[in-house]
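A short worksheet on the structure shown next.
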There are 2 protein chains.
Amino acid sequence: MTAAPKFPPKTSCPAEKTLQALSGRWKILILRELFDGVKRFGELQKALSGITQKILTQQLRELEADGIIDRKVYPQIPPKVEYSLTPLGESLQPILETMHDWAVKYH
Amino acid sequence: MTAAPKFPPKTSCPAEKTLQALSGRWKILILRELFDGVKRFGELQKALSGITQKILTQQLRELEADGIIDRKVYPQIPPKVEYSLTPLGESLQPILETMHDWAVKYH
DNA sequence: CGGTATCCATCACGATACTG
DNA sequence: CAGTATCGTGATGGATACCG
């Protein structure tokens, strides 16, 4: 489990919650893929060249736990799993755009 | 050396630059203090109850390297150092507000 | 196909002590 | 006052192998 809180200073700051939700080596890239539409696990792995199954699973699970993405399993052989943004996840788009613009503006 | 870049996937995404600039256990809290106005090192340390000198220095140096804050040294005894936001740093305020609102909206 | 289970490397963060 | 120098630790990411 290692269920230790990840970002627990004494001062609780809401903005940090958002930062934490996006913090992860691949999360923004994953979200960028999903802004494009529903994607299967394999599609994501192919798009995110270099990511391993373990890490992709891990990052997806965290996004799911934060209510940002949705995981739909089709119980069939071979398995099929689709990932999509929740409304909450879609509401991140303007934030990511702003962050994008900020980074671009001065580089 | 181990001078490996910290966040360098194959896919370069500007939004990640912004995320990286804000990533750090105390950075958002430091920025919140500085939105309030110019602060001395000791004032920041007092406000950020629990932070050590080493970590505060470290986080401040990173923010400075990213062009977000300004460090002004008064060459006197005892030393006096003031930290303030650069224009770039101030331009982060709307982003942090948006992140704040996002976190608050659904919690 | 879409995962787990292990094992391992790295780095951010921190406790503590010392200094110009 | 505002740092630097050491040493240590746990969370995070990754390489690899196996599974329903």
Could you give the [atom1]-to-[atom2] distance, from [X] to [N], as a whole number of Å?
X     : N      : atom1 : atom2 : value
A:R25 : C:dT10 : CZ    : P     : 14 Å
B:E62 : D:dG3  : CD    : C1'   : 16 Å
A:Q20 : C:dC13 : CD    : C1'   : 13 Å
A:L56 : C:dT4  : CG    : C1'   : 14 Å
A:Q58 : C:dG2  : CD    : C1'   : 15 Å
A:K72 : C:dG2  : NZ    : C1'   : 17 Å
A:I55 : C:dT10 : CD1   : P     : 15 Å
B:I28 : C:dC13 : CD1   : P     : 12 Å

When you compare the side chain of B:L92 with that of B:L85, does any pair of heavy atoms fall below 4.5 Å?
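No, their side chains stay 4.5 Å or more apart.
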Discussion item. Less than 4.5 Å apart, side chain to side chain, heavy atoms only: is that true for A:I30 and A:L56?
Written reply: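 Touching, per the 4.5 Å side-chain cut-off.
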Quick note, salt bridge (charged side-chain N to carboxylate O under 4.0 Å, His left out) partners involving residues 77-86 of chain B, not counting sequence neighbours, are B:K80-B:E82
Report yes if a side-chain nitrogen or oxygen of B:W26 is closer than 4.0 Å to either non-bridging phosphate oxygen (OP1 or OP2) of C:dA12; otherwise report no.
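No, no such contact exists.
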Notebook entry, point to check: Can you check whether B:Q59 has a side-chain N or O nearer than 4.0 Å to OP1 or OP2 of C:dC13?
Noted result: yes
Contact check, residues 30-45 of chain B vs DNA chain D, heavy-atom distance under 4.0 Å, returns B:R40, B:F41, B:G42
So, with a heavy-atom separation below 4.0 Å from DNA chain D, the residues of residues 76-84 of chain B are B:P78, B:P79, B:K80, B:V81, B:Y83
About how many Å separate [atom2] of [Y] and [atom1] of [X], when rounded to the nearest 0.5 Å?
X     : Y     : atom1 : atom2 : result
A:E43 : A:L34 : CD    : CG    : 10.0 Å
B:T57 : B:E64 : OG1   : CD    : 11.0 Å
A:L44 : A:W26 : CG    : CH2   : 12.0 Å
B:L48 : B:I55 : CG    : CD1   : 12.0 Å

Who are the side chain to side chain donor-acceptor pair (under 3.5 Å) partners of [X], not counting sequence neighbours?
X     : value
A:R40 : none
B:S84 : none
A:E33 : A:K39
A:E97 : none

Less than 3.5 Å apart, which donor and acceptor atoms pair up between the side chains of residues 65-73 of chain B and the rest of the protein, not counting sequence neighbours?
{"from": "B:R71", "atom 1": "NE", "to": "B:Y83", "atom 2": "OH", "distance (Å)": "3.2"}

Handout entry: Results of side chain to side chain contact (heavy atoms under 4.5 Å, CB included) for A:K54 - residues two or more places apart only
Key =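 Result, side chain to side chain contact (heavy atoms under 4.5 Å, CB included) vs A:K54: A:T52, A:Q58.
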key: Partner set under side chain to side chain contact (heavy atoms under 4.5 Å, CB included) for B:T98, not counting sequence neighbours   =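 Residues passing side chain to side chain contact (heavy atoms under 4.5 Å, CB included) with B:T98: A:I95.
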The bend of the helix from C:dC1-D:dG20 to C:dG20-D:dC1, taken between the axes of its five terminal pairs at each end and rounded to 10°, is 50°
Check: protein-nucleotides 4-7 of chain D nitrogen or oxygen pairs below 3.5 Å:
{"from": "D:dT4", "atom 1": "OP1", "to": "B:R61", "atom 2": "NH2", "distance (Å)": "3.2"}
{"from": "D:dT6", "atom 1": "O4", "to": "B:K54", "atom 2": "NZ", "distance (Å)": "3.4"}

